[in-house]
Structure formats: C-alpha cells, structure tokens
Number of protein chains: 2
Amino acid sequence: MAGNTGVAGSSVSSRLLAILDCFDPAHTELTLTEIAARSGLPLSTARRLIVELTNWNGLERLVDNRYRIGINLWRIGVLAPRQRDLREAALPLMHDLCAATGETVQVVVLDGLEALCVEKVAAETAVRTATEVGGRLPLNATAVGKCLLAFSPRDLLLHVLEAGLQRQTGYTIVQPGRLTRQLRQVRSSGVAYSHEEMTLGAVSVAAPILSGGILKGAIGIVVRAPGRVDSLAAAVKTASLSIGRTVS
Amino acid sequence: MAGNTGVAGSSVSSRLLAILDCFDPAHTELTLTEIAARSGLPLSTARRLIVELTNWNGLERLVDNRYRIGINLWRIGVLAPRQRDLREAALPLMHDLCAATGETVQVVVLDGLEALCVEKVAAETAVRTATEVGGRLPLNATAVGKCLLAFSPRDLLLHVLEAGLQRQTGYTIVQPGRLTRQLRQVRSSGVAYSHEEMTLGAVSVAAPILSGGILKGAIGIVVRAPGRVDSLAAAVKTASLSIGRTVS
DNA sequence: GCGGTGATGCCACTGAGCGGCAGCAGATCC
DNA sequence: GGATCTGCTGCCGCTCAGTGGCATCACCGC
C-alpha cells in the first residue's frame, strides 16, 4: 500500500471492510479507539476511513464520540435479495405462528459454517433467546442449524466436523457420529429438535425451507416447556412448506 | 489518487461507496458494466473493487454475471440501531393494524430531504404501493412525509421548499403556502393525510412517532377506498403513541 | 495541578491503486 | 460460417493518495 504501510497485501477496501466487521449484535456502538483495536488498524488510519464512512452516512457519530451503523448501510443492506425475499415470504407466517403459540419464532439462512438469523418474531411473554436479527448460531447446537446441515450437500457437514463441534451446554452434541445419525433422522422426518443444546431451559423445533428442491433457509420455534415441543412440530413444518411455496 | 487518476479528490473509499450507491430497490441486481456506468467509474476500477467486495461477501455474483447485495452487507446493515429499535417496537403494532384493516402499513424515518421506508406490512389483498423497504418517498406528497415535516425543526421545511416541491400526480401539493398551512394543521391534530397526492387511487393517513418529545419516525396506512380513511385515523394515532412509548 | 485516556492534526515517504488497452468469450445477425 | 457487437478479463507502467508515527489538544478523575 501507499506510504509507510506495515503489512503488505492489504488494500484500502479491506481496511474499510475490516472497520465494518467490527460491528456485530453485541457491539452496535463503538468508539474510535475500540474500532482501531478490533480491526487491528492504526488509530490514524481507522479515523480517516471512519470519517469517510461517516460523511457518506454509512456510520453515524453520537455526541459521546461513539459510532454506530448509519442509515446508508442499512438502506443498502436491506436490498440483499436472499434475505429480503425470504423475510417477505416468511413474516406473515412467523406472526401467525407467534400469535398462535406465544413463543419466539426465528428464520435463518446458511452463512459459511454458521446459521445467520434473518428474522425473529417474539411475543412479550416468550423465551428471551440470546440471538438477535443479524446474529449467528452454531449449526450443531440448534434446531434450525441441524435443518440447514441435514439438507445441504454433505461437504458442509464435513467442513463443520473438521472445524470442530463447539460445546454450548452440557447437552450439546459434540460427537460426530451422534450428529450424523441425528441428521439422517432429520432428513427422513423433515423436522429437527434441540433439547437444551444451545441454551439451558430452552427447547426448539425447526423445519427446512425448500423451494423447488433447493434449500433457502430454516424456520424454528423456541419454547421453555419441554412438553409442548412435539405438538408444535406439525405447525412449524406446515409453515415451512408454505413459505417454501411462496419464496422464489 | 495513486496512478493515473483522472479526477482528483476522490478516494478509494468514495469509489467503493459509489458502487454500493448503485443499488436501490429498483436495481437490486446489476452487471459489471451497469455498475461502472451508474457509478461513473472506469470499468477496470469498478471491477477491481467489485471483486474485493465479492470476496468479502458484501456482494454476491450470480451465474449470469450479475451482482447483488450479499449477506455481509445485510448483516452489518441490520445492526443500524435507529432502524433496528424502531422496527422492533413497531412491528407488532404494524401487524395488528394490518390484521385489523387488511391494508398496507408502513413505518418511515427521515433521511435527508426524503422519507425512508423502514418497514412495510401488507396483506395479500392490500393496495400495491410502489414503495419497498429501503425505498424513499417525497416529504410533500405522502402522509408519512408530512408528519416528518410537521414535527421536525423549521429548517427542514425551508430546505425542502428550496429544493422544490416535485409533482407526483395532479393532486400533489406543490404550492409552498398550501403545504405550510397543511403542516400547521398536522401539528395541531397529530395526523396527516394524503389524498391521491402520491399515487392515483391511493389515500393514506399517518401519525408521527415521538419518544420523549423527539421525532423518531412516522407510521402510516395506505388504503384504496377514500371513505375509510377517517375511521382509520384514530387507529393509526393510537399505534403511533404506543410505539413512541416503547421505542428508546 | 497532574497524570491518564482518547480524539485530532500534521507530514514525509512510497507502493497500492489507477485506467488505458489488448484479448477473449458468447450472442446475434445476415 | 464469418462478421459484428457487447461485455468480461488480465496486464502493466506511472504516480499521488493513503499511510502511520508523533506531537498536540481536550476532557475527566483524583
């Protein structure tokens, strides 16, 4: 890079994107110094790029010198057709499901080796799940994740196993053989479960969203009482089929 | 800029952002050539930056060489707290309003001299509005726009008038005096109307979303039958007050 | 007043980024 | 089938935009 660059191979664009990568659901507001630290950029470089992003309204600066994602990045981001279409098809059914059960409903898509939460609908009284829209979930420990894993090419499972199964709770499946067996069952039944494997006290059911035979995402519902989970499976599966028919 | 740059004063970042600016609700998929043309960048420059964006998953490349907004830009964009919080507070009420009336409900925020649609909930049978989530609406021709205008500092109105009132239909208000009078009425009643001023055959009511006295956005409902609009005003105003209380 | 933390401004150096151009692949037309 | 067009890909020499260290400034708590 121009000037007295330390490490070669990094472009201006990559630095700019590194700054954006600093933000996640747990870090929606950051100071200049925090951004510099998280992105690994020198302070002056980070500042210059942040100023440019701010002028474009990609970031907005608060009175206490913290930065947050701005309106322009939001405006561009919501255009992402993959999420946009799925969300539009799923939202009405998610609300129906939420209204009928009073529980938390979420729709996810595959993003690398994780599930990315595209939309969440929660009743006031529902279980407070850690996940937010835009947040990531492990594939092996969640019902929606297992759906994605079961209906994706076998390569994905191999990559996930290679990366290692992370334990979330005492109930998380970390044995490859056990996961593989469960995925076979998910494929045949079309429904996946998670029994406190992600969060203690939370149980969930999910079904894949398929359109024309190809996987678009998964829809799941999270409940507290373990007894209710079986009776919800049919509802979730019905919703997933309906969404699959609507989505392009 | 480095190399044989034609125009000075343009940074790499600005070029990268210019590429993102090419995308809008009417143009969610573009080819390399289209992006170069829309952004005003030379083909080679556009390509290099697009490749970098694509590697980062900010754009995704389709089999027919078209590009669309990718998962990573979406993931960052949804973190925008302004939209995120408002959306979260508004969604349940929007659905209630939609379910009760069977019409299109939308929530907007102020973005420069226009209104930006943050969320839309439409029943199957509802009026097909041109606007999509992420799309922009004029402040003078829509009910939600008038709300934003009426409850913003007077400067905004002056800037809007200075920029000129654009005509959308034969009913659009383009006379500054008439707009100013209507805004006074909106301020006192807390509700704004649009009678086919944006789209022929479409009528709408909107109310501002205020939290702690400061304007957060506006919620509106669009209907076809002109007679129904008055009976909906109370429902919209109720929803707006409730959202204002919830949103931080 | 004094030390600590974090934002801001300046500046000399240089390689990353620039864009013109040639080449190639696929579609369309006659 | 070959001529033409359109749009993507890859190369390369030139040079100034971007870099990051450092000094300064603003604010806060003690």
Side-chain angles (χ1 to χ4, degrees), chain A residues 1-23 26-70 73 81, chain B residues 1-23 26-70 73 81:
Chain A
M1 176 142 306
N4 47 354
T5 306
V7 194
S10 70
S11 59
V12 184
S13 330
S14 71
R15 286 157 211 253
L16 202 78
L17 301 177
I19 288 176
L20 299 187
D21 268 331
C22 294
F23 292 87
H27 304 86
T28 57
E29 298 187 352
L30 296 167
T31 66
L32 169 56
T33 328
E34 285 170 339
I35 294 175
R38 287 173 67 87
S39 63
L41 295 173
L43 200 71
S44 7
T45 304
R47 196 174 98 86
R48 202 162 356 93
L49 295 175
I50 288 172
V51 166
E52 230 161 332
L53 272 169
T54 308
N55 287 338
W56 180 70
N57 278 326
L59 294 180
E60 56 185 36
R61 183 176 194 163
L62 306 176
V63 283
D64 60 350
N65 281 341
R66 287 188 304 167
Y67 293 89
R68 41 156 77 172
I69 299 296
L73 273 173
Chain B
M1 174 142 309
N4 47 353
T5 307
V7 193
S10 69
S11 59
V12 184
S13 329
S14 71
R15 285 158 212 251
L16 203 77
L17 301 176
I19 288 177
L20 299 186
D21 268 331
C22 294
F23 293 87
H27 304 87
T28 57
E29 296 185 354
L30 297 167
T31 67
L32 169 57
T33 329
E34 284 169 340
I35 294 173
R38 287 173 68 87
S39 63
L41 296 173
L43 200 68
S44 8
T45 304
R47 196 173 98 86
R48 202 164 355 94
L49 295 176
I50 288 172
V51 165
E52 228 159 336
L53 272 170
T54 308
N55 288 338
W56 180 70
N57 279 325
L59 294 179
E60 56 185 37
R61 183 176 194 163
L62 307 175
V63 283
D64 61 349
N65 280 343
R66 288 188 302 168
Y67 293 88
R68 40 156 77 173
I69 300 296
L73 273 173

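Residue numbers begin at 1 in each chain, while the letters A, B, ... track the order of the sequences. Hydrogens, waters and symmetry mates play no part in the numbers below; they use all other heavy atoms, side chains included.
Residues from residues 53-65 of chain A placing a heavy atom under 4.0 Å of any atom in DNA chain C, listed by number, are A:R61, A:N65. Non-hydrogen atoms lying under 4.0 Å from DNA chain C are contributed by A:L43, all within residues 34-44 of chain A.
Contacts of B:T28 classified as side chain to side chain donor-acceptor pair (under 3.5 Å), with partners at least two apart in sequence or in another chain: none. Judged as a side chain to side chain contact (heavy atoms under 4.5 Å, CB included), and not counting sequence neighbours, the contacts of B:N55 are B:V51.
Here the side chains of B:S13 and A:L53 are not in contact, with every heavy-atom distance at 4.5 Å or above.
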Cut-off 3.5 Å, no hydrogens considered: what does the side-chain donor-acceptor table look like for residues 38-46 of chain B, sequence neighbours left out?
residue	atom	partner	partner atom	Å
B:R38	NE	B:C22	O	3.0
B:R38	NH1	B:H27	NE2	3.3
B:R38	NH2	B:C22	O	2.9
B:R38	NH2	B:D24	OD2	3.1
B:S39	OG	B:I35	O	2.7
B:S39	OG	B:A36	O	3.3
B:S39	OG	B:L41	N	3.4

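In this structure, B:I50 places its CD1 atom 16 Å from C1' of D:dG10, rounding to the nearest Å. If you measure from atom CG of B:L32 to atom P of C:dG19, you get 14 Å, rounded to the nearest angstrom. Whole-Å rounding puts the B:L16 CG to D:dG18 P distance at 12 Å.
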Working note: A:N65 + A:T31, criterion side chain to side chain contact (heavy atoms under 4.5 Å, CB included); need CA distance, chi angles, decisive distance, verdict.
CA-CA 6 Å; A:N65 281 341; A:T31 66; 5.8 Å; no
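The phosphate of C:dG19 has OP1 or OP2 within less than 4.0 Å of a side-chain N or O from B:R15. When the side-chain nitrogen and oxygen atoms of A:T45 are compared with OP1 and OP2 of D:dT19, none of them lie within a distance under 4.0 Å. Residue B:R48 has a polar side-chain atom (N or O) positioned under 4.0 Å from OP1 or OP2 of C:dC18.
A:I50 contributes atom CD1, which lies 9.5 Å from atom CG of A:L16 (distance to the nearest 0.5 angstrom).
Nearest-nucleotide positions on DNA chain C place A:R47 closer to the 5' end than the other of B:L49 and A:R47.
Every pair passing salt bridge (Lys or Arg N to Asp or Glu O under 4.0 Å) that includes a residue from residues 53-69 of chain B is listed here, sequence neighbours excluded: A:R82-B:E60, B:E29-B:R66, B:E29-B:R68, B:E60-B:R68, B:D64-B:R66.
The shortest non-hydrogen separation linking A:W56 to B:L20 is CH2-CD1, 4.1 Å.
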